[in-house]
Structure formats: C-alpha cells, structure tokens
Amino acid sequence: MKYDRYDHKGLESKWQDRWEEEGVFHASNSSEKPKYYALIEFPYPSGQGLHVGHPRPYTALDIVSRKRRMQGYNVLYPIGWDAFGLPTENYAIKNHVHPADVTKKNVARFKQQIRSLGISFDWSREINTTDPEYYKWTQWIFLQLFKHGLAYKKEMAVNWCTSCKCVLANEEVVDGVCERCGSEVVRKVKSQWMLKITEYAQRLIDDLDLVDYPERVKTQQKNWIGRSTGAEVDFKATTGDVLTIYTTRPDTLYGVTYMVMSPEHPLLETWADRISNMQEVREYQEQAARKSEFERTEVAKEKTGVRLQGVAAVNPVNGKEIPIFISDYVLISYGTGAIMAVPGHDTRDWEFAKKFDLPIIEVVKGGDVTKEAFTDCETGIMVNSGILDGLSVEDAKVRIREYLEEKGIGHSKVNFKLRDWVFSRQRYWGEPIPVVHCEKCGYVPLPEDQLPLTLPNVSSYEPTDNGESPLAHMTDWIRTTCPHCGGPALRETDTMPQWAGSSWYFLRYMDPHNSEALVGKDALAYWNQVDWYNGGMEHTTLHLLYSRFWHKFLYDIGVVPTKEPYAKRTSHGMILGENGEKMSKSRGNVVNPDDIVNEYGADTLRLYEMFIGDFEKSAPWSTNSLRGCRRFIERFWNLQNILVEGDAIRPELETSFHKTIRKVGEDIETLKFNTAIAALMALINEVADKGSITKGELKIFTLLLSLFAPHVCEEVWQNLGMEGLACQQSWPEYDEAKCQESTVEIVVQVNGKVRARLQVAADISKEAAISAAHADERIAAETAGKTIVKEIYVPGKLVNLVVR
RNA sequence: GCCGCUGUGGUGGAAUGGCAGACACUGUGGACUUAAAAUCCACUGGUAGCGAUACCGUACCGGUUCGAGUCCGGUCAGCGGCACCA
C-alpha cells in the first residue's frame, strides 16, 4: 500500500482525543507499579495566551514521562493553573469584568492550546489556585503557620510599588524596581503580615545536600540566604549605653577608628538630648528616609554621613575613644544596624575615612593602607594589635573570640542576609488572609471549619493610593464577630501574594479531589515527593525557595513525610526571537505556538524545541531549522512506503539499532534531547540508504520516536497493524553485546598527528594493533630511520607512535 | 566589586584527555520539471594544489601530557545572579 504525503492536520487531534477517551495518561493512586512523579511549573494563564517558550519544559518532561510509562512506571504528570495575580486583576479593572471571569477565559484558551501539543498530562487532576476548594487549603496552611508563630504582623518599612500600588517581597524587587512592571519601588512604613522564613535559613542551606539540583541553583540559593559567621561586640558609649555591632572580622578590632550607625538606629532617639547637633542628625535621617531603595543602595555614589557631637564610643580592646557617625551605608535591617569601622581593611570604611579625614590603622601586614583598603588579607600577619600581634589572621580570629568571651564583651554570631517574607498584598485577586482583628483579643485566626474564606464579590477592584486593599471598602464583608470572644471584629483585608498557592500545589496533585485534607495520607505515602521538577532559573530565589520553606514547615507539623519537596530539579533555557533577542511584542519577534501547530503540526514543534540546542541554555528561534524537523518527520512517514516484511532487524543494521536505543535512552536522562534526536536522524539516514525497512525495524524506530513526536507515531503504529497504542508499549531494549562493532577504524598517529587509518578487529590486542600500524606503508615511511620512543594504544581508538 | 556559567564553521550546535565540527540549517552545483516549488544527489572551516595530500584552525597568552576544545595558571569578552550585608 502506498501512503500519501504526511499531513498532520486531523491526525493530531484524532490521537489526542483517543488518549483522552482511553484515559491512558491518568495516574493511579492504587497501583502495584513503581511510581514516578514528574512536574513542570504550572503556568500563569495570562491574557497573551501560550508562549512558544512554554512547550519546551512541558515537552521535555513529557518525553521523560512517556518513557517512564513505557518502562512500567505509574506516572503522575499533572498540570494546573497558577491563576491569582496582578495582570489578570489589572485587565479586569480596565475592562470592567470580574477577575474570575477573565481567569476562566484565559484558562480555557491555555487549556486548548496546551492540549494541542499532545503533552501526556493527567487532565483529571487539573487544579486551579483560585478555586475556593483549592485555596481553602492555602488558607489552612497559613493558619498552621500562624498557630506556630511563623506568621506575624509587623509595622515595618516595606517595598512599595508605585504602579501596582502594592507591597512587594524583597525577592520581587529587581535592581530597585518592581520585578513585574518595572516601576519605581519606594520604602513605605506599613503593618504587614510576615512569614518567618529566616527561622528555616540554616535548614534551607543544609538540606540542599539532600537534593539533586544543578550546582548553580544551589549556589544561588546559598548566596541569597547569605550566611556569614562573625561576632557581636559590645562597645560602650560615653552615655553609658551599650552599642552592639556585628562584624565578620573581630580580629581587626584594634584597627577600629570610628563607628557608624544606621540613620534608623533606635539609640539615636535615646541620645537626642546628649547629641548637640541633633538638628543636623534629623535632617540626615529625613533625607535617608525619602530616598528610594534604588538610590539608597547605589554603590557608585559617594559616602555621606553625620558625625554625632557630644556622644562617642570606646573601643573595648584598647580603651581608645572613637567618634560615632550615622550614614545610610549602614542598613538597619542587617546585623545590629551599627558597625565598627576598620578603614585599613574595608573598602567602604576606607572611602568614608578619607572623606571625613579619619585615622587609618594597618592591623594586617601586606598592603599599603595609605593608598587603598587592604581587604584580601586572610593569609596575613597581625600588627598594631596588642594581644594579637604576630598571629596569623586565622589564629587571631580564634584568640580574639576567646578574649571577647572571657571579658564578656562579645560572642560568636551567625547572620543571614535572608529577610522574613512580606506576605500581604493590598490587592483583590488573591487568597484572603483568614484572620480577624478583635479589639479585645488582637489577631484571631478563623476556625478551620470556616474555611474557605471566599473573596467577596466587589464591584470595583481599583487599588487604593492610601495603601489599603480594595477589600477595605467592603464593609459588610469586613464586619464580623471574633471567633474567640464573640465581640465585634474586623476581617483582614490584605490578600496573599501569588507565591502562596504555588508553594504547595505539587501536594494537591497527589490527591486533588480530597475534601477532608489538603492531601490524604495514603496518597502522600504512595507519591512521597516529586521525582523530577523542571522549571525556570528565575524562580530560584522565589518560588523554589518559598515552596521548600513551606514544605519543611509541613514536615515539622507532620503533614508531609519528606524534608524536601523535590528530589531532582532541572532548568531549561529561554527561547529567544529569531534575531537573538528576548521575544516581546515591542520587538516584533514573537512566534505564536498556535501558528506553528497549525502550519507544521505539534509533532514538528515538539521535535524542533527539543532539537534546538542545549536544553539548559537559551536558543534563538529558527524557522529554517523547524522546517528541517518537519522534513525529518516526513522522511519517517515515507519509510512506510519502503516497508518490507520481516520482524527482525537485518544483521547489517543490528549494531546501529542497538546503539541508537541505548543512546536515546541515556540522553533523555541527562537532558540531551538534541543528541538523542540527532541519533534518530542518523539512523533514519542509514536505513533510507538501504532502500527498505523491515517491519521489525520500523516498529522499534516508531517507539523510539514516539516520545518526541507521539501523534505521527501512533498513526504509523496503527498502520503497521499493531494492537494497542504506541504509548502503551514497552520501551525497546538493547543488547550491550550487540552495540559493539566487530571491526573498528583506528587512527595511527605519529607524534600526535594522524597519518593513517586502519580497519581492525574491535578486540585486537595492543601488540597486534601496533604491528598493524608499523605494517602500513605511510607509517613505515614516516618512521623510517627514526627511533621509536614510545608506542601508545588506546583500545578501539588509536595508535600513537612517538619517534625521534 | 563578589559569586556562577559560557566562548568551537556563515548559523543552531556535536565531541568519557584520543580522528575537531556529529546531527541539522544556510549556501553552491547537479538530477527531475516546459518552468518553479517540493524531493533526491554531491560539495560546503581557512590557505595552497588538477589531485592524492600538506599546513593552519576550538577567544588570547602560557603550562601539564605521547596527545588538550576538554585539565591547570593568567588575560580578554559575553551572559546570569548578588551587591554599601559590615
């Protein structure tokens, strides 16, 4: 029978419907098979629809999932919608529609688009963070955090996005501007719900040892958490108060020539009467407060500050009186909000000392502190340092610590850069925080049986300029009674950040319809943890860190059995526009996946996105290269027209087939999808050269390719007259022995330069190989009259003759 | 400034310390066609040569090694992250 040209139209939706009807991708919660849980970051259903970048990770883990199923695993590969969030809310405001309606529409569009890609998601477990049956459990987790003292309300300076009119977490501020909209972020003092992620800082570092993440992800998380070891040291002020500082270099205490306090330091108020230039101090404080986060942290700018008149401090190790300054280069949020300044060995202190003409003392030999701060001094020897003189820096650190402890003026201290997580948002489209405020009882959690606390139906979602949530206008909803004393109380009007729903969603997939618990014990016992999680690098210090924190908390209260949520994490690179720039409407380089699926088919799109290059790196889109993948599928399809009977692999192709099975299988496990596809292309070229293909060969090829291009492979499988679906077959096995060629080409080098190639038996001995090399005419000519110094044989690869 | 990653043809990219450029794309030539598209075949890093072949070539400089794209030291460039964090 002669097959017509390959045409993806109709063929792809036909098989998508078949898979769905037969429920072949549904995971079972009661299976004898070993389990495998593959996870992609669930999408935010934006109004723009699917981006051509979405299918890259989806296809990658689809390939893994399909392979695992064929290898006999019960695979959970779910999807859902991370649907709370600002763009939807902003769109709703602009167009006077309800965010829930916008979400519904966007989800429908996304779902249709993703379905057209033939990803083997288990759609029966679809979840949506905006569904009250889902966010009921997000709220439940918040209540547990509250009950365990990990959620608290605090008056503090927060990042305020002037455009979103909303508070941002530290992780959401990038280069001093809002991560989402790029608008200016200013500091604003507000009462905020906070989560004590800092309590987990050490464990979030330590437990990275338990997981298989890319090294760069681990490093980035560690840097973000920012652990440092040092000491807190008490300096006496001339007022009699103690001014405590944090330093990582207590060994340089003898080099301290002044101190600096943050302009927000509370002791300044205490000292107001004693400071004779308090007017100047207040002016500086105001100036600092007015500055945006960006201005304040700009490195290049010159140091500013004010010296306190009438108050000084005493260096505890040598009794010298030293001046105290305030300067905005010292942050109130880190350490103790005050530092000892060692201008000889710290660049910032050095600049400041030069500007204010303060003494600079060298305490570690090796640099020239009159020219610049000598900071790279960990291997130096102490000088001008009293009891530390002559010690190495390393020994001095130990000695000074003992001394501080003895004298009771200091102790070792570990500090983290990580700040607590600012958890409230002054917006409508988020999970309501299930807490009421009672004048008598304070903040009271809602009883669990009152969950979910659903969003009220408001007519206006406009964010307010005064920093209140739009919910604050809903007087009917706000006024409630205190669950504790029954008196009048007010509901919390802030909502949770978008990161809340995504911090635990992978657990819900295990048991998405459970109304009694966020996930049932049996389901948890079976699925345990995510085996392979792929997502973007941009979430390393956001979602990935937040969800690890929540998971550890759930572990602590006995809800989940594992310390870590994800056993293995990988990351994909971005797909750029054809011009090598990031895809965006304004650059006019956006490729719409719908167009590609229509014109070339989902199989071509999938194959191309896997072939495009190194999975972990960014790669520019290339329509030409996409066409090459389409041609490959056509060549595969046309194999049907040169089909001959025979269940076996022909002997001359046996090695190639077995090697390809091995390579495709191995490459998938290491994310090398591009070379797996290259191997399939090479094999098809080899087979096509023979002018025919046996049924047995085509069966194997079809199953190998079916991970990448599942639709066309189902069709070919059916055309071959095979029972059942291709995706339900066993993964082809290879025979290691049959991967070995009987003869191999080895190269013969003379002094490292290739001079000849020989066909030899694969198992040739070293002696035989070397004598074969010598027997070659060219080699004989090259080596004639020269002394053989060394003969090297690398089995199956080469002979190298070193001559002189 | 600090941390991490990456530098390979015209392009995307391959190469457990062992033949650099697999597999594709592009381009050139040819076959088929009235013609074009599609398809198929050949060539496609540079220089020299009719040619077999030779020499050069993995950002740059140096080192280790029989042998380096790969390992080590230094330099330069690009990307990502962090950043007055004491």
Side-chain angles (χ1 to χ4, degrees), chain A residues 5 174-175 214-224 226-228 230 245-250 252 259-260 262 296-301 303-304 327-331 333-342 345-349 351-352 375 415-419 537-538 540-541 573-574 578 580 608 611-614 616-629 631-632 634-635 638 672 674-685 688 745-757 778 789-804:
Chain A
R5 281 192 53 161
V174 175
D175 291 337
E215 217 37 57
R216 58 186 171 143
V217 170
K218 290 190 182 184
T219 319
Q220 218 170 295
Q221 287 212 345
K222 280 180 198 164
N223 288 347
W224 184 263
R227 184 192 144 106
S228 74
I245 58 91
Y246 172 72
T247 178
T248 54
R249 296 296 306 274
T252 61
M259 300 183 77
V260 188
S262 157
R296 174 103 183 235
T297 57
E298 226 174 342
V299 180
K301 72 167 195 203
K303 301 270 176 291
T304 59
S327 174
D328 62 4
Y329 87 85
V330 174
L331 309 174
S333 54
Y334 185 74
T336 61
I339 62 155
M340 63 179 213
V342 186
H345 304 275
D346 181 284
T347 314
R348 295 151 305 173
D349 296 346
E351 283 170 21
F352 193 89
T375 54
N415 254 327
F416 297 96
K417 290 187 201 172
L418 186 70
R419 303 270 68 93
M537 279 302 288
E538 71 274 18
T540 301
T541 53
M574 256 191 303
E578 201 129 18
Y608 170 61
F611 187 62
I612 195 167
D614 187 332
E616 299 184 87
K617 287 201 203 117
S618 309
W621 181 267
S622 160
T623 302
N624 279 331
S625 190
L626 173 85
R627 289 200 191 100
C629 290
R631 276 199 283 271
F632 170 58
E634 286 168 0
R635 281 155 66 79
N638 292 338
K672 296 169 96 174
N674 53 339
T675 50
I677 293 168
L680 289 169
M681 288 173 167
L683 183 59
I684 209 174
N685 291 345
E745 187 184 78
I746 61 168
V747 299
V748 183
Q749 299 180 333
V750 178
N751 286 346
K753 297 210 179 220
V754 179
R755 291 297 182 228
R757 293 155 200 283
R778 283 228 29 214
V789 179
K790 203 166 178 180
E791 292 168 326
I792 291 143
Y793 174 60
V794 181
K797 291 259 163 66
L798 61 73
V799 171
N800 187 15
L801 305 176
V802 185
V803 300
R804 205 163 36 214

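When reading the values below, keep in mind they use all heavy atoms of this one structure, side chains included, and skip hydrogens, waters and symmetry mates. Reminder, nothing fancy here: chain letters follow the sequence lines and each chain counts from 1. Just so it is clear, the structure is predicted and the values come from calculations on it, not from any experiment.
Using a 4.0 Å heavy-atom cutoff across all strands shown, A/Phe611 reaches at least one base atom of the nucleic acid. Using a 4.0 Å heavy-atom cutoff across all strands shown, A/Glu745 reaches at least one base atom of the nucleic acid. Residue-level contact check: A/Lys753 touches the backbone only, with heavy atoms under 4.0 Å from sugar-phosphate atoms and none from bases. Using a 4.0 Å heavy-atom cutoff across all strands shown, A/Arg627 reaches no nucleic acid atom at all. Contacts of A/Asn685 with the nucleic acid, taken as non-hydrogen atoms under 4.0 Å apart, involve only primed sugar atoms and P, OP1 or OP2. Counting non-hydrogen atoms under 4.0 angstrom, A/Ser228 reaches the backbone sugars and phosphates but no base. Counting non-hydrogen atoms under 4.0 angstrom, A/Asp614 reaches the backbone sugars and phosphates but no base. In this structure, A/Arg227 reaches neither bases nor backbone, as no heavy-atom distance under 4.0 Å exists between it and the strands shown. In this structure, A/Glu215 reaches neither bases nor backbone, as no heavy-atom distance under 4.0 Å exists between it and the strands shown.
Judged by distance alone, with hydrogens and angles left aside, the side-chain atoms of A/Ser622 form a donor-acceptor pair with the main-chain N or O of A/Ser625 at under 3.5 Å. In this structure a side-chain-to-backbone donor-acceptor pair under 3.5 Å is present from A/Arg419 to A/Ser333. With A/Asn800 contributing its side chain and A/Ile792 its backbone, the two residues share no donor-acceptor pair below 3.5 Å. Counting only distance, with no hydrogens or angles, the side chain of A/Glu791 and the backbone of A/Val799 share no donor-acceptor pair below 3.5 Å. Under the 3.5 Å distance criterion, the side-chain polar atoms of A/Asn638 are matched with a main-chain donor or acceptor of A/Glu634. For A/Ser327 (side chain) and A/Thr304 (main-chain N/O), a donor-acceptor pair under 3.5 Å exists by modelled atom type. Of the possible donor and acceptor atoms, one in the side chain of A/Asp349 sits under 3.5 Å from a partner among the backbone N and O of A/Val342. A donor-acceptor contact shorter than 3.5 Å is absent between the side chain of A/Tyr608 and the backbone of A/Trp621.
Both distances falling under 3.5 Å, in either a Watson-Crick or a G-U wobble arrangement, place B/G73 opposite B/C61. In a base pair of the Watson-Crick type (N1 to N3 plus N6-O4 or O6-N4) or a G-U wobble (N1-O2 and O6-N3), with each distance short of 3.5 Å, B/C50 is matched with no nucleotide. With a 3.5 Å ceiling on both atom-pair distances, the Watson-Crick or G-U wobble partner of B/C25 is B/G10. Pairing of B/U34, defined by two Watson-Crick or G-U wobble distances under 3.5 Å, is not identified with any nucleotide. Pair assignment for B/G4 gives B/C79, based on Watson-Crick or G-U wobble hydrogen-bonding distances that are each under 3.5 Å. B/C66 is paired with B/G18 under the criterion used here, namely a Watson-Crick or G-U wobble arrangement in which both key atom distances are under 3.5 Å.
Comparing B/A15 with B/U6, their P atoms sit 14 Å apart, to the nearest whole Å. B/G51 and B/G45 have their P atoms separated by 15 Å, given to the nearest Å. B/C71 sits 25 Å from B/G80 when the C1' atoms are compared, rounded to a whole Å. The C1' atoms of B/A20 and B/G30 are separated by 30 Å, rounded to the nearest whole Å. Taking the C1' atoms as reference points, B/G10 lies 14 Å from B/G21, given to the whole Å. Across B/G18 and B/A38, the matching P atoms stand 41 Å from one another, rounded to whole Å. Taking atom P on both nucleotides, B/C56 is separated from B/G69 by 13 Å, rounded to a whole Å. If you take atom C1' in B/C40 and the same atom in B/C5, they sit 43 Å apart, rounded to whole Å.
Note that the OG atom of A/Ser618 and the CD1 atom of A/Ile612 stand 10.0 Å from one another [nearest 0.5 Å]. Of the inter-residue distances, the one linking A/Tyr334 atom OH with A/Ile339 atom CD1 reads 12.0 Å to the nearest 0.5 angstrom.
Between A/Asn638 and B/U39 there is no side-chain N or O to OP1 or OP2 distance below 4.0 Å. For the OP1/OP2 pair of B/A15 and a distance below 4.0 Å, the side-chain nitrogens and oxygens of A/Lys672 include at least one atom meeting the criterion. Listed pair A/Thr540 / B/G81 fails the phosphate criterion, with no side-chain N or O lying under 4.0 Å from OP1 or OP2. Of the side-chain N and O atoms in A/Lys218, none sit less than 4.0 angstrom from OP1 or OP2 of B/C5. Contact annotation: A/Arg755 reaches the phosphate of B/A54 (side-chain N/O to OP1 or OP2, under 4.0 Å). Look at A/Arg631 and you'll find a side-chain N or O under 4.0 angstrom from OP1 or OP2 of B/C25. A/Arg5 has no side-chain polar atom (N or O) that falls below the 4.0 Å cut-off from OP1 or OP2 of B/A37. At the phosphate of B/C40, OP1 or OP2 sits under 4.0 Å from a side-chain N or O atom of A/Arg635. Taking only side-chain nitrogens and oxygens, A/Lys797 never comes nearer than 4.0 Å to OP1 or OP2 of B/G18. Look at A/Tyr334 and you'll find a side-chain N or O under 4.0 angstrom from OP1 or OP2 of B/A86.
Across the protein-nucleic acid pair, A/Asn674 atom CG and B/A14 atom P stand 5 Å apart, rounded to whole Å. Atom CD1 in A/Ile746 sits about 16 Å away from atom C1' in B/G67, given to the nearest Å. Nucleotide B/C84 holds its P atom 21 Å from the CE atom of A/Met259, rounded to whole Å. The distance from atom CG of A/Asp328 to atom P of B/C84 is 11 Å, rounded to the nearest whole Å. Atom-to-atom, CG of A/Leu798 to C1' of B/C66 comes out at 10 Å; the value is rounded to the nearest Å. One interatomic measurement links the two molecules: CD of A/Glu616 to C1' of B/G12, which rounds to 17 Å at whole-angstrom precision. Remark: P of B/G12 and CZ of A/Phe632 are 22 Å apart, rounded to the nearest angstrom. Rounded to whole Å, the distance from CE on A/Met340 to P on B/C84 is 20 Å.
Base orientation at B/G13 is anti, since its O4'-C1' glycosidic dihedral falls outside 90° of 0.
Checked by distance alone, A/Asn624 brings no side-chain donor or acceptor within 3.5 Å of a matching partner on the base of B/C25. On a pure distance criterion of 3.5 Å, no polar donor-acceptor pair joins the side chain of A/Lys417 and the base of B/C82.
Among B/C82, B/G18, B/C19, the nucleotide with an atom closest to any side-chain atom of A/Trp224 is B/C82. Of all nucleotides listed (B/A86, B/U6, B/C25), B/A86 comes nearest to the side chain of A/Tyr246. Among the nucleotides B/A86, B/C84, B/C19, the one closest to the side chain of A/Lys303 is B/C84. When each of B/A86, B/G81, B/C25 is scored by its nearest atom to the side-chain atoms of A/Ser622, the top-ranked nucleotide is B/C25. The A/Asn800 side chain lies nearest to B/G67 when the options are B/A22, B/A86, B/G67. Set against B/A14, B/A24, B/G4, the side chain of A/Arg216 has B/G4 as its closest nucleotide. In the set B/G12, B/C3, B/U39, the nucleotide with an atom closest to the side chain of A/Thr219 is B/C3.
Closest-nucleotide positions on RNA chain B for A/Asn415 and A/Thr675 were compared, and the one nearer the 5' end corresponds to A/Thr675. Comparing A/Ser618 and A/Gly628, the nucleotide of RNA chain B nearest to each residue sits closer to the 5' end for A/Ser618.
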